[in-house]
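A short write-up of the structure that comes next.
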Protein chains: 4
Amino acid sequence: MKTCLERIPQDVVALCDYERLAPEFLPPDIWAYLAGGAADERGLKVNQEAYRQWSIQPQVLVEMHGASSTLQLRGGQLPHPFFIAPMAAHRLFHAEGELATALGAAAMGAPLVMSCRASTPIEAMPRHLGVPLWFQLYVRKDREFMLGLVRRLEDAGCDGLVVTVDAPVSGIRNREQRAGFRFPEEIEAPHLVGEPAWPVVESVLDPRYLAELPTWEDLIWLKNQTRLPVWLKGVLSVADAQRAVEASFDGLVVSNHGGRTLDVLPAPLKVLPEISREVAGRIPVLVDGGIRRGTDAFIALALGADAVMVGRPMLYALAVAGAVGVAHALRILCHELEVAMLLAGCPTLPSIRGRVRPVMKG
Amino acid sequence: MKTCLERIPQDVVALCDYERLAPEFLPPDIWAYLAGGAADERGLKVNQEAYRQWSIQPQVLVEMHGASSTLQLRGGQLPHPFFIAPMAAHRLFHAEGELATALGAAAMGAPLVMSCRASTPIEAMPRHLGVPLWFQLYVRKDREFMLGLVRRLEDAGCDGLVVTVDAPVSGIRNREQRAGFRFPEEIEAPHLVGEPAWPVVESVLDPRYLAELPTWEDLIWLKNQTRLPVWLKGVLSVADAQRAVEASFDGLVVSNHGGRTLDVLPAPLKVLPEISREVAGRIPVLVDGGIRRGTDAFIALALGADAVMVGRPMLYALAVAGAVGVAHALRILCHELEVAMLLAGCPTLPSIRGRVRPVMKG
Amino acid sequence: MKTCLERIPQDVVALCDYERLAPEFLPPDIWAYLAGGAADERGLKVNQEAYRQWSIQPQVLVEMHGASSTLQLRGGQLPHPFFIAPMAAHRLFHAEGELATALGAAAMGAPLVMSCRASTPIEAMPRHLGVPLWFQLYVRKDREFMLGLVRRLEDAGCDGLVVTVDAPVSGIRNREQRAGFRFPEEIEAPHLVGEPAWPVVESVLDPRYLAELPTWEDLIWLKNQTRLPVWLKGVLSVADAQRAVEASFDGLVVSNHGGRTLDVLPAPLKVLPEISREVAGRIPVLVDGGIRRGTDAFIALALGADAVMVGRPMLYALAVAGAVGVAHALRILCHELEVAMLLAGCPTLPSIRGRVRPVMKG
Amino acid sequence: MKTCLERIPQDVVALCDYERLAPEFLPPDIWAYLAGGAADERGLKVNQEAYRQWSIQPQVLVEMHGASSTLQLRGGQLPHPFFIAPMAAHRLFHAEGELATALGAAAMGAPLVMSCRASTPIEAMPRHLGVPLWFQLYVRKDREFMLGLVRRLEDAGCDGLVVTVDAPVSGIRNREQRAGFRFPEEIEAPHLVGEPAWPVVESVLDPRYLAELPTWEDLIWLKNQTRLPVWLKGVLSVADAQRAVEASFDGLVVSNHGGRTLDVLPAPLKVLPEISREVAGRIPVLVDGGIRRGTDAFIALALGADAVMVGRPMLYALAVAGAVGVAHALRILCHELEVAMLLAGCPTLPSIRGRVRPVMKG
């Protein structure tokens, strides 16, 4: 097993190069955990293939004076529309864990969304980097625990909450099971301390298990406990998007959990247009799952996203080359997006909207 | 050739794992017989691919109080919507044959449909397991023989009849032919004793052969001879479904005989929606062919099935690990279905109806 | 290189088995000539794939009394709807050439269409076999030559003419070119003796070359010289089909010359429905190209063909096992068709019309 | 590495044969530069696949008297509709560079479009060959430089200008990057002498970089400086085509730069019909990208092109067999086109319009 590189090899020029190299830097079970998905992993494939259904519609000789990839969001602007998706326990992939990821992300001005299963306490995260730090969590029925966690996040200066709503139960991840992956004991989960345990049940439809599941009411309660913006992650239906807007949530992430819950959920890109139409600009809509190129981000924005989250490739880069890898991978995405904007004749992110057409077929 | 396992290996976590292992536990000709299909075996492929055309449409944060996978059927309820499809001569695959299958099925509460070509007499089957036992048969013109068989099944406490109507002649199964498979003489067929022989003919359109084929009239006659519920298996057209309902049959199995007759029949899932619309809930509609995951069952129910039959994978599991394998394979399916219901936000089987959308493509 | 078998191996159970074996029985250049097609050979692939777009729509429990695969044609009936397509020089593939093919065909009652490039004179063909013998030809501008040929065919008792209209120039057959195939000098072409030579030109648009090409006028002239039925082979457009009917030709073969002219012509099956609609039963419509199974013939008939021609597979069988191979291959096709009729519930060829539906997709 | 052949091998019968052989005649990095495209190279694939979506609709027995592949263009006629697309630095691929290409092209009467990055000065190109010589360039903001270049081209007897408008920035060509390709210092670029340098920037959206990009105004200025015809290359949108016509440009090349800028642009063939409809014959419309067969040219003309440009395959042939290779490759294309015209029943280029239909699929 190779150790994290100090210099990026000459032939690493795209995110797929990090994906190609990463398994050499990780134990097989951790690779299975990171790269795998639910069941037959159709979700992994579909998420990426959804982007292959679209081509970019360019215009030539467009006046590009003042062009920029700046993202305008309520409460500030970001240099580009890339977020790092919440993913558990970065220490599995690199000794410095979330610290390294955050450093790499900050170098490119990309917000990091910490996972509630992060292996670094939020209090230890550097806050002088000038980049937003968000935190992802699950809502539990135990309101005291929830309140404690929220206050802790607020105190640590967290910029916003991303509540995952699409995983009331873990997916059945066969690759992980076959590889015998288990969270190593030495990887800490400092934000889960004190979390109520889940009941041990035979069936996930056991009433004791079901009683632990949050509903809209619990989410709304949470939202009312904090002034932080609260985004919902994992929405794939128009009805849920509508309800989120009506309940005054602050943003949506259209996601199928990276293909890690059910492998037969729709590709997020597939449902993005109808959700974007429903939301109609009232709150930001992000999308994740399958983004491997700056042109993928262009396509997502063309189909209604305001920004995108990138997941696994960031950890591939982290495993291969640490903070430098993360920064480099983000740099590649940004460069690819800027080149696409220039070649398509789109001087701003909003001007990208609509600039795709279905590929091939008739 | 390996002998049946006593413990299930750690890396057997899905039905495809049993399919991967099974050929190591069977002679090549028996494997060809079991796994093969008609002609170029397009049917095998299409049956499974049909499920790949659909994704599950989830909703989040749904109230799941009281959720359950219970199947309500006229005359009782079952813990889940999985039946074991009728398949010949389980002793080909395991020394205990249907006894082992039934034991494994009962452990999970799944009804077994015995084949008329079963290698164990129905009288020898355990009836204290609390699970329905159905019997599959073909209708022959010899009414005395038919009546004898029906009375025997009734006497043995059989819970219902599944009449196969889609195989007036065996399919042309090239894989089987190339492997030189023949039913071994030592495998008995205790329910076919006394059955009139088929005429030996050059052409299947020989009048002597055609004279032996049953028609609707024969089926209706059969139905009138018994109080057992009679289901028809092998319906793929709306007209036939309509006729079955009008003739008061008790259930339908939409099936192309597992791709073993013609390999260019429609996938059952493909015709299920139109047949389900026609039947409109008047009798139960089951579907078989290609189900390998609990999510496949979810999709079938979403498109109009009341329950599903699972065939070959049960025998793969039987060959690999006997009764324990069968129970384990069913356990996997049930767990996958329950997880899907939870992740999709469907608390009951009927609530699954309609909760799919076409995958990808525009 | 193997020599022609005297017994058919046990594992030859479908036409694809002959295709698999045939290259072992032929020199590479002759195999390239036989199996190859134009350019990138997309035509070969598309011709077969067109059949994969359709599935058979069955009905169950149909009254099959009197079922039969008999083909009713003006001027007689045939036991089934299979013709052997015209193909050059059978002696390339078997020492007995067309004699062996005819013998095998006659054993199954299938009409043979001799090629004008046959390696056996029509006068030498056995005429006591009770099966029609047709002859394929090209129309040349030299009317004296044409008349001589027609009289000769009439005198030899030929049952009908098939005029190929889709090959004013040979296709560019790269596989053949790369293999260096040339017609061996010892293979005679007894029907081309006296045929006017084609001018040697740099470009096929050379006026001297163009002047040799037949038009509708020439075809109509030919038709008026004989009482034999005259079919046109190579029609792929509705307009041409309409014109053929108006000009009182006796039959059509929808064909793209087996993918041997341009590899980007439509699959015959693709244009069959519109041509069949146009012809509306006024003359027989046959189709060739890509038929490898009896179920393919079923699909062709369902989409409007009255009968089908089978080409290359007949010569694969000829190369492997001579006359017995040809008969066996035809026997397989007939059996597959009969089984399909039985399983689909179609007692006659005309009852097959319309009994397909598009496979998969939505 | 092999040296350029003096005789063309017997098995080189199609352009794909040159593509197969070429890598043996080039250093790996130069092969990567030539054969590669942007990013994941989907553009390369899509460009060719677009042609696979169409089949040719033939008619038989058409009167072909006077048939010819002559292309009528404003200001003259050409023997066929093939142009050699502008490509940089032919000396990378053959010692004689553009001289060899021009010689081969002239032998077949095909116009060569020299690249502004040609490795041979236009003044050194032979002008006694009787074939048009065009020149491709990029418009820069420095009008003095532009004027100097245009005068130079006029003085050298250039027949027309092709302005590339689709590459304000180079594509991100990962294959090239991984192979470590850089333009060798010894390969001169005699038309770029004196060209203003591009600013060295971190981001392509840097204002200093953007300030260098041409707009429609600059293109129109250029057009007004010369009496040479000016074509625009790289148009993929109807709006741009409309603007080009309104601004009196003399021709359009529908192109995605051979898949070398963004790999997710539409295939040129895909947008050709709508652009052709918009232009409505007012100026010539050419298309490039993916043409490998004479039948591809037929399809392009059927869908609205007046002529086609062929790129990489010409350099593959140049690398393998120099001028003779180029001539041979063009000869193959011409022959394939003529054979297609004959087999489709199209006596002239304009008669090809509309003679295609979508392949397969319903």
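- Between D/Trp31 and D/Tyr316, the distance separating the two ring centers is shorter than 6.0 angstrom.
- The candidate with the highest count of non-hydrogen atom pairs below 4.5 Å against chain C, out of D/Val62, D/Asp11, D/Leu343, is D/Leu343.
- Annotation: maximal heavy-atom pairing with chain C below 4.5 Å, among D/Glu338, D/Met64, D/Met341, occurs at D/Glu338.
- For C/Ser237 and C/Asp240, the side-chain atoms include at least one donor-acceptor pair closer than 3.5 Å.
- Checked against a 6.0 Å centroid threshold, the rings of C/Trp198 and C/Tyr209 count as neighbours.
- Remark: C/Arg260 is positioned above the aromatic ring of C/Tyr33, its terminal NZ or CZ atom under 6.0 angstrom from the ring centre and at most 45 degrees off the axis.
- The part of D/Thr295 that comes within reach of chain C is its side chain, from C-beta onward, which places non-hydrogen atoms under 4.5 angstrom from that chain.
- Ranking D/Gly345, D/Pro9, D/Ala67 against chain C, the residue ahead of the rest is D/Ala67, based on heavy-atom pairs under 4.5 Å.
- Annotation: C/Glu217, atom CD; neighbour count of heavy atoms from other residues, nucleotides and ligands within 6.0 Å does not exceed 12.
- Atom NZ of D/Lys2 is surrounded by 12 or fewer heavy atoms from other residues, nucleotides or ligands within 6.0 Å.
- Looking at C/Asn174, both its backbone and its side chain come within 4.5 Å of chain D, counting heavy atoms on both sides.
- Proximity to chain D involves both the backbone and the side chain of C/Pro266, based on heavy atoms less than 4.5 angstrom apart.
- In this structure, the portion of C/Leu213 lying under 4.5 Å from any heavy atom of chain D is its side chain and not its backbone.
- D/Ser69 and D/Pro79 make their closest contact through OG-O, 2.9 Å (heavy atoms, listed as atom of the first residue, atom of the second, distance).
- Your options are C/Val165, C/Leu236, C/Asp218, and the one with the most heavy-atom pairs under 4.5 Å with chain D is C/Val165.
- For chain C, the option among D/Arg357, D/Arg331, D/Arg293 with the highest count of heavy-atom pairs below 4.5 Å is D/Arg293.
- Under the 4.0 Å criterion applied to side-chain N and carboxylate O atoms, D/Asp17 and C/Arg178 are assigned as salt-bridge partners.
- Contacts of D/Arg52 with chain C are made by side-chain atoms alone, with heavy-atom separations under 4.5 Å and no backbone atom involved.
- At a 4.5 Å heavy-atom cutoff, the contact between D/Cys16 and chain C is made by side-chain atoms alone.
- Residue contact with chain D, scored on non-hydrogen atoms closer than 4.5 Å, involves the side chain of C/Leu219 exclusively.
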